[in-house]
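In what follows, a structure is listed as structure tokens, so that the remarks can point back to it.
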Amino acid sequence: PGDVQQAATTPNLVNITFRPHSQVNSAGVLMVTAPSGFTFVSGDFACPMLIEESDPIQEALALGLAETQVFTSADVSCADSLADYILLLQLAGRPLQAGHDYNLVVAVVNPVNATQDGEGTPQWKLQTFDDATLSTLLDTASVTGF
């Protein structure tokens with residue numbers, strides 16, 4: 001029983017690769033909704049996530065300077081969330097470029113029980129919004145887990 005409880009609260013990393021179809025300005029929001037039973041890690045961590053742009057700019061590629069670009073805490077922060085299975089990432093000073101690839105790594109606690117056969121594969125949902133009011137939806141996508 002002790003080992004089961006320990007495993008149930010151990011944070012795990014989830015890596016999501018995405019490409020926005022719309023430009024998300026530097027005041028925009030990326031919302032990630034976890035499947036049923038998952039919760040985003042919070043508490044002692046300021047914002048347990050990482051975003052990196054993995055799509056090199058063509059000029060940099062031509063010069064041999066292409067590398068991933070990690071968003072710093074000045075570029076993105078966690079906003080107050082609506083629920084523990086929703087993560088709101090507030091951009092600040094740096095946009096998400098339309099057509100560029102990004103990697104998002106977030107810390108989650110997995111559900112205590114595994115998905116049963118016939119229940120379907122868990123779906124993660126990504127949405128981008130124009131600003132913190134969440135009134136103007138720019139893009140939405142579902143990502144199948146395993």
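Excluded from the calculations below are hydrogen atoms, water molecules and symmetry mates; all remaining heavy atoms, backbone and side chain alike, are included.
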Spell out, as yes or no, whether a donor-acceptor pair under 3.5 Å connects the side chain of [X] to the backbone of [Y].
X	Y	answer
Thr136	Phe129	no
Glu53	His100	no
Asn12	Thr10	yes
Asn25	Pro95	no
Gln97	Gln23	no
Asp84	Thr39	no

Quick one: does [X]'s side chain get under 4.5 Å of [Y]'s, heavy atoms only?
X	Y	result
Val32	Ile86	no
Val76	Gln90	no
Asp75	Leu91	no
Val109	Phe38	no
Val24	Leu138	yes
Asn15	Asn103	yes

Between [X] and [Y], which heavy-atom pair has the shortest distance, and what is it?
X	Y	value
Gln123	Ser142	OE1-CB, 3.4 Å
Leu30	Leu126	CD1-CD2, 4.4 Å
Asp139	Leu137	O-CD1, 3.4 Å
Met49	Cys78	CG-SG, 4.4 Å
Pro111	Ser36	CG-O, 3.9 Å

Rounded at 0.5 Å granularity, tell me how far [atom1] in [X] sits from [atom2] in [Y].
X	Y	atom1	atom2	answer
Asp131	Ser26	CG	OG	11.0 Å
Thr72	Leu50	OG1	CG	11.0 Å
Leu96	Ile51	CG	CD1	6.0 Å

Distance under 6.0 Å and angle within 45° of ring axis: Arg94 vs Phe71:
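The answer is yes; both the distance and angle limits are met.
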
Ser54 and Asp101: side-chain donor and acceptor closer than 3.5 Å?
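Judged by distance alone, the side chains do not pair up.
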
Ring centres under 6.0 Å, that's the criterion: do Tyr102 and Phe18 meet it?
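So the answer is yes for these two rings.
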
